[in-house]
Structures are given as C-alpha cells and as structure tokens.
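The structure appears right after this line, and notes come after that.
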Amino acid sequence: MYQILPTPRLSARIGGIGRVRLLPFYNRTAFPGEKASACLTAFSDYADRAFSLLFEEGEGGLTLEKDASLPFGGYALIAGIDGKVKLAASEEEGLSHGLATLLLAAEKAEDGKALSLPLLHLCDEPQGSWRGLMVDVARKFHPIRFLYDTVDLCWLYKINRLQLHFTDDESDTLPSEAFPKLPTAGRHYTKAQLTALDEYAASRGVTIVPEVDMPGHSTPFGKAYPELFGSHGILCSEEKTYKALETLIAEVASLFPNAPYLHLGGDEAQIARWERCPGCQAYCREKGIASTQELYAHFLSRVTNYTLSLGRTPILWEGFAKEYNHLISKKTLVIAWESYYQIAPDLLEGGFSLLNCSWQPLYIVTPTRHWEVSEILDWNIYTWRHFWEKSVASKRDITVSEGSPIVGGQLCAWGDRLVEYPSNEQAAREEFALIRRRLPALAEKTWNIHSDLSSELFEELYAHTDALLDKLLRRD
Ligand code: ACM
C-alpha cells in the first residue's frame, strides 16, 4: 500500500519493485491554460520545500495528459517500467490532487537531481464532492500566515473547501469599502491579503467559502451602524437592513471572485429579540408574517435569494424551523451540525442538499473539545452524533440512507475558547496542531465514503504524510 492519505480508490502495482527516476521538468502541452500554470507553480514550490527541487517546463520529466473521461477531481498517475511518468486529469482540480499524490509517493533520488518514484499505476477519484475545513477567524484573529499554512495542509490531503468564519460577535475580520466602520480595528484582513489568499488557494484546488454570519452572531454590525442593522443583538428585519445586507453580500462576493459559495450563517439567532423591535414588528404586519419563526425563515430566504441572484450558491447552518423549510430556496446548501433545531432527515424531506458537520466527531473547540482520530474513522457522511443531551443525536446516531444528497463532510475549528489566549500566534498554533492531526481522517472518510481504514494503518500512513507536511509548511 502506498503511504498516501486519503487512500487512492483504485491502484495497481505494475512490474515488480523497480523505481522510476523523475527529472524536475514537466510537459504541459495538454494543459496550456493559466489555471494549470498556477497549479504547476504551486507544485514546484512544494517540491522545492520538500526536496529542494524546483520543477520547470521542459522535456524528460512529468508528462501531463488531458483525459476527458476522468471525473472532476480525479486523476491517473503512472510511473511505468518504461521509465516514463504521466499524470492525466480532465481539469485542474484533478491535476492538483494528482500532484499531491506524486509528492507523497516520491523520495529524493540519491544524486539529489531528481525524484524517485515506485513503479505505480493509480486511478483515483473522490466520492464526496465537499471535503472541507472551517476555521473561525472572528473569535480569535488568525495571523494571515496561518491561513496559508492551512491551505498547504488542505492541498496535501485533497481538501477542496476552506470555509472562513469571518464574522461573529467578537469581530468582523473582513474589509469593507461600503461600510468602513464595520471592520474591527486592528483585527481585520485587507482586500489585498484576501485577494492573494484566494488566488493561492484556487491554484491549489482549494475553494475559499467566505462566511458572514447573520442574523445572529453579528454584534459588530449593530455597533457600527445601529441605524441600519439595529441595536437589539440581532440584525433587524426591515427594508433598510435588507438593502444594506445586499450591498454587503455583493461586496463579499466581489472580494472572492473565485467563490461559488457564500455562507450566510443563520445559526443560533436570538429571534425573540425581534419581538421587542417596533420596526421589525411593523415589517411583519406589512408582509403578513405571523410568527417569529416565520420571520427567521423569511430573513434567510431574502438573503439567500439575493445571493442566488448574484450567481452564487448560498449556505446556511441548521437553525430555522422545519415548519418553514418551504420558504427557503432548495438551491441553498444546509449544514446539519447540532441535530437540534431540526435533524438531517427533516432537512432532506424539505428538499435540501446537506453538508455533514456533525458536532461529534467533526467539531474542534481548542483546547477543550475535540475527538479522537478513531472516532472520525468510525463516522461516515450519512451519520450524525452528539453528546449534548438536548440534541436528538445524543439518544442514538441519526443516519440517513445512502444516496441521500449529502455532499460530503467538514471539520469545524471554533474559537470559543481561543478568545482566552493572550496571543493570537499561540492560539492559532495550538489549533493548527489539532487540525493537522484530524483533517487527514476527515479527508479519508470524504474521499472514500465507505473507507474502513483501521486506526493502526491510518497511523502508519499518517506518520509519512505528516512528516511531508512538516517540510511543506513555511518557516518564516
Ligand atoms: C455553530 O456551531 N454555531 C454552527
């Protein structure tokens, strides 16, 4: 078995135990575009960090082939007895995944001038289309360097979605030209930083999923612009608020031109506060909205519909009540996480596609709560678990049938307790250590949704992959 995580779906060793020498060149005639160029530059950068070998365009090394029959994200990697190394894919995400596999399979040749690969023939493709990680940068500011490390980590393990929880009660970390008082002083990213990060991620097959949490978890909005967003500890539901939110959502979309998804939060809103707001009550009367739960779904339908009008797919956390599922567009991807506000089978019956972020074992709350790797290996994308007695999933696992529209799974790293750390650096470093230990298991269970990889074998493979990761991470 190759020391690769997630484990390749189909592989065959050919022709015995020889090795193939790979000179640091690539022929990319089959992939002439800019996207492939960025993907190869990224690979060359990693090969340099890991093996002090920069790959360049030229003959006698790796040959890229375009094979339209390969599925999205899939690739074929061959190091043959004829001494040739070929990587085939139908598009750049597959190319990126194949290059990560190549690096994991490689050693440095003895003379230091080439890589050495085992003879191999791999055909690999993901089963889960969403293999994700979320990092909460709002509760604790994460220096931008950690976000680059996180993208490097995602690249190695073929994690293709990085959700950034940019806003919460503690801060708004996004820049804004439309609302210059919104970004929290001293703890927000700049437009240039985010553009560069987005490009860095895109060229590594990682899609950034920006999240702006609303209508709850949104204190900075009301503090900066109470006349627009209200001052009740929840965003108001008034026409002027929706107009302001539309401006904000359009701005976030323009900050992330590569992002097909915009996450609008929707979790844990203190909706009873709307009952004390005369403006929100007048809005309900005007629209014939009869209950606070209906208003919650109405709010989410307005912001998700607007997001759809921009050509982006909206995402919401589980939070709205199932009685009002019909109000929200079924093009919205819903994250089932707590199994409390409503459970996955209800959301599926309501017609939604789901992303599995089951609290147990996919939540990390540094340093207090996290689950063993073995628990992630024991989970699958059709199952939800929880320890919290109010969650339906605490009584027994909730499972849905295979073939249900579950797009995949995502590890979520929350900063609830990181706020207590005096240093941003230390907080981010400790969190990163917990993530890098668990993300490969999530990768395994979303790439191969039926994987029965044992903990013992996982550890053996992980020892190799994590040692390579160590070399890939920047030291500056
Ligand atoms: C969440 O954990 N509040 C989505």
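Atoms within each ligand, like the ligands themselves, are counted from 1 in listed order.
Tyr242 and Ser237 share a donor-acceptor pair across their side chains, judged by distance under 3.5 Å alone.
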Let me have the donor-acceptor pairs involving side chains of residues 398-410, under 3.5 Å, with sequence neighbours excluded, atom names and distances please.
residue, atom, partner, partner atom, Å
Ser401, OG, Ser404, OG, 3.3
Glu402, OE1, His450, NE2, 3.4
Ser404, OG, Ser401, O, 2.5
Gln410, OE1, Trp130, NE1, 2.9
Gln410, NE2, Gln163, OE1, 2.8

Under 3.5 Å, sequence neighbours excluded: what are the donor-acceptor pairs made by side chains of residues 257-270?
residue, atom, partner, partner atom, Å
Asn258, ND2, Asp198, OD2, 3.0
His263, ND1, Gly265, N, 2.9
Glu268, OE1, His217, NE2, 2.8

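Tyr421 does not carry Lys140 over the face of its six-membered ring by the limits of under 6.0 Å from the centre and within 45° of the normal. Remark: Arg302 fails to qualify as a cation-pi partner of Phe299 under the 6.0 Å distance and 45° angle criteria applied to the six-membered ring.
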What short N/O contacts, under 3.5 Å, does ligand 1 make with the protein, listed by atom pair and distance?
residue, atom, partner, partner atom, Å
ligand 1, 2 (O), Tyr363, OH, 2.7
ligand 1, 3 (N), Asp267, OD2, 2.7
ligand 1, 3 (N), Glu268, OE1, 3.0

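By the salt bridge (Lys or Arg N to Asp or Glu O under 4.0 Å) test, Asp124 pairs with no residue at all, sequence neighbours left out.
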